[in-house]
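For this chain, numbers begin at 1 and follow the sequence in order.
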Amino acid sequence: MTERLPIIVAGAGPGGLSAALAIACKGFPVLLLERNRIPTEVGAGIQISPNATNSLKEWGVWPYIAKLAVTPDKICINSGVTGARLSEISTSDISNRFGAPYMVIHRADLQQALYHRASQSDLIEMLDEREVREITETETGVEVRCKLADGEQIFYRGAALIAADGVWSRIRTDYFGNSPAAYSGKTAWRATLPMQMVPSSIDSDNVGLWLSPKAHLVHYPIVSGHMMNIVAIVDEDWSEQGWNTKGDAVWLNKRFARWPREVRDLLAERDDWLKWALCGQDPTQPWVRGKVALLGDAAHAMLPFMAQGAVMSIEDAAILARALDEVDGSMEDRLAAYEQARKKRVCRVVNRARQNGRIYHMRGPLAMARNLAMQMMPAGQMLKQFEWIYGWKPEDVKFGL
């Protein structure tokens with residue numbers, strides 16, 4: 001890379017912004033292209049586990065996150081049928097065991113924090129309303145044709161292109177020829193609620209996870225504890241694209257009509273529900289083609305049953321930046337090393353999330369056996385199951401190429 005062409009990143013979501021920061025921290029110039037306005041505020045809350053926290057500290061994002069993120073005391077798992085407590089995980093135990101905190105934050109706040117940090121870097125240029133329409137590889141890099149909001153076409157040259165354009169990535173389907181994300185048969189409904197409107201029967205200080213046949217519900221505090229994030233996930237035959245489709249509150253409340261009183265009271269407080277279809281991507285398909293690489297949801301969109309979607313994109317960014325900086329050889333070699341270093345772990349997380357989805361939505365004798373096993377399991381044993389995820393560190397990764 002004798003010519004200082006920038007690394008082009010397509011997409012300014014958490015994955016794209018993380019990639020831009022990680023790459024710039026290694027001394028490479030970055031051109032970040034976003035088809036919408038920057039930053040685009042969409043999505044629900046995000047759980048940030050220790051395997052991402054250290055990277056956010058390294059990139060200087062921590063001061064922006066600390067004001068709005070919440071570190072709850074515990075994660076409480078409950079039955080959505082009887083209301084009984086099934087298990088608890090102490091977040092202080094997580095922090096002590098893995099050396100970094102477990103936090104919850106609104107996606108928009110994380111995105112704003114990443115954006116503000118990126119805007120301070122002299123090595124990062126961010127341009128919005130530029131949709132990538134065509135990619136051409138050259139001997140020295142890539143040439144990207146973008147469509148502007150007014151229809152004008154403009155070209156950019158870079159040393160490589162990192163596609164962080166999300167679950168419905170056009171670069172993945174059009175340039176790589178990979179399959180589109182597949183609908184899971186589940187939808188997620190989200191709402192945020194001012195804390196003064198949260199029923200007193202709900203534990204508003206901690207993460208609550210409620211399990212029931214064909215549905216589960218998660219709630220936790222965000223925005224410095226002033227708001228509660230609520231996400232209800234249900235089996236539903238609906239698969240439109242988008243993050244902000246208006247949901248039918250009457251339908252949702254009927255769907256949860258037999259749940260414990262505190263959950264029904266919580267859902268009844270809102271009528272402005274938004275929903276989106278949960279889609280997953282086959283992570284075994286190629287992530288790299290020449291000087292173009294997929295990152296985050298574009299490579300491995302996963303179901304949210306491990307709360308690792310955004311975290312995996314942050315991990316991707318850290319390893320991609322290390323590969324660009326540390327691997328000898330061509331750009332193709334560096335990107336191939338990134339894919340090789342990430343793929344096995346990501347596939348394992350994707351598979352575990354799918355498995356959790358089946359476990360969360362069990363019914364009948366299987367659900368009873370699940371509940372009994374969780375109630376009898378010591379807290380330390382429960383936390384030990386997360387060791388392979390939460391204990392991950394970028395510096396422990398070795399490149400095989």
Side-chain angles (χ1 to χ4, degrees), residues 44-47 49 51 75-89 167 179-190 207-220 230-239 252 255-260 263 267 275-285 297 299-312 343-379 381-390:
I46 288 175
Q47 301 176 52
S49 47
N51 43 315
I75 302 167
C76 305
I77 306 174
N78 310 299
S79 168
V81 177
T82 67
R85 180 63 50 86
L86 303 178
S87 185
E88 290 183 4
I89 300 174
V167 60
S179 62
Y183 175 55
S184 66
K186 296 175 173 61
T187 57
W189 297 60
R190 77 175 187 272
V207 177
L209 170 60
W210 302 74
L211 310 181
S212 184
K214 296 186 177 182
H216 76 277
L217 182 134
V218 182
H219 58 76
Y220 49 80
I230 311 166
V231 178
I233 295 180
V234 301
D235 293 355
E236 182 183 2
D237 185 18
W238 183 84
S239 57
L252 185 65
R255 179 65 181 77
F256 285 80
R258 295 185 178 181
W259 280 54
V263 172
L267 299 185
K275 72 174 185 176
W276 70 98
L278 293 178
C279 298
Q281 176 63 26
D282 178 5
T284 66
Q285 296 183 97
D297 282 354
H300 48 69
M302 64 187 67
L303 301 180
F305 305 115
M306 282 293 292
Q308 288 290 304
V311 171
M312 285 298 109
K343 208 160 199 176
K344 182 178 180 180
R345 172 172 169 81
V346 168
C347 287
R348 186 180 179 187
V349 174
V350 168
N351 290 335
R352 182 60 182 271
R354 289 174 182 158
Q355 180 185 358
N356 278 2
R358 293 189 291 270
I359 293 171
Y360 285 7
H361 290 197
M362 282 176 172
R363 54 183 172 174
L366 288 176
M368 294 175 62
R370 175 203 64 201
N371 293 353
L372 182 61
M374 294 183 75
Q375 288 175 319
M376 295 181 65
M377 184 180 295
Q381 183 64 28
M382 176 71 76
L383 185 55
K384 190 175 181 179
Q385 296 184 20
F386 294 90
E387 189 161 358
W388 67 276
I389 294 184
Y390 294 170

inquiry  = Could you report the tightest heavy-atom contact between Ala301 and Cys279, atom names first, then the distance?
reply    = CB-O, 4.2 Å
message = Asn78: which residues meet the side-chain hydrogen bond (donor to acceptor under 3.5 Å, both in side chains) condition with it, sequence neighbours left out?
response = Arg85
query = With the threshold set at 4.0 Å, does a side-chain nitrogen-carboxylate oxygen contact exist between Glu236 and Arg255?
reply = no
query = Side chains of Ile89 and Phe386: does their closest heavy-atom pair fall under 4.5 Å?
reply = yes
Check: Ala181 main-chain N/O paired with Gln281 side-chain donor or acceptor under 3.5 Å = yes
query = Is there a donor-acceptor pair closer than 3.5 Å between any side-chain N or O of Arg370 and the backbone N or O of Ile359?
reply = yes
request  = Taking atom CE of Met368 as the centre, report whether more than 12 heavy atoms of other residues, nucleotides or ligands fall under 6.0 Å from it.
outcome  = no
ask   = Do Ser184 side-chain atoms and Leu278 backbone N/O form a donor-acceptor pair below 3.5 Å?
value = yes
ask   = Could you walk me through whether Ser49 and Gln308 pass the side chain to side chain contact (heavy atoms under 4.5 Å, CB included) check?
value = CA-CA 8 Å; Ser49 47; Gln308 288 290 304; 2.9 Å; yes
Any side-chain heavy-atom pair of Pro213 and Val81 under 4.5 Å = yes
remark   = All heavy atoms of Trp210 vs all of Gly83, minimum pair found to be CZ3-CA, 4.0 Å
key: Atom of Met306, atom of Val349 and distance for their closest heavy-atom approach   = CG-O, 4.3 Å
query = In Å and rounded to the nearest 0.5 Å, what is the CG to CD1 distance from Leu209 to Ile77?
reply = 5.5 Å
ask   = Are any of the side-chain heavy atoms of Met374 and Leu211 separated by less than 4.5 Å?
value = yes
ask   = Under 4.5 Å between any side-chain heavy atoms of Lys343 and His300, yes or no?
value = no
ask   = Can you check whether Met377 reaches Lys384 side chain to side chain, under 4.5 Å on heavy atoms?
value = no
ask   = Of the non-hydrogen atoms in Ser79 and Thr82, which two are nearest, and what is the gap between them?
value = OG-N, 3.1 Å
task = Could you check if a side-chain atom of Ile389 sits within less than 4.5 angstrom of a side-chain atom of Arg345, using non-hydrogen atoms only?
result = yes
inquiry  = If you define the side chain from C-beta out and look only at heavy atoms, does anything of Val311 sit under 4.5 Å from Tyr390?
reply    = no
inquiry  = Restricting to non-hydrogen atoms, name the atom on Gln375 and the atom on Ala84 that form the minimum distance, rounded to 0.1 Å.
reply    = NE2-CB, 4.4 Å
task = Applying side chain to side chain contact (heavy atoms under 4.5 Å, CB included), run through Leu267 and Trp189 and close with a yes or a no.
result = CA-CA 11 Å; Leu267 299 185; Trp189 297 60; over 6 Å; no
message = If I take atom CE from residue Met302 and atom CG from residue Asn356, how far apart are they, to the nearest 0.5 angstrom?
response = 12.0 Å
ask   = ring pair (Phe, Tyr, Trp, His ring centres under 6.0 Å) with His216: which residues, sequence neighbours excluded?
value = Phe305, Tyr360, His361
message = Show the nearest heavy-atom pair for residues Ala188 and Ile233, with the distance to one decimal.
response = CB-CG1, 4.0 Å
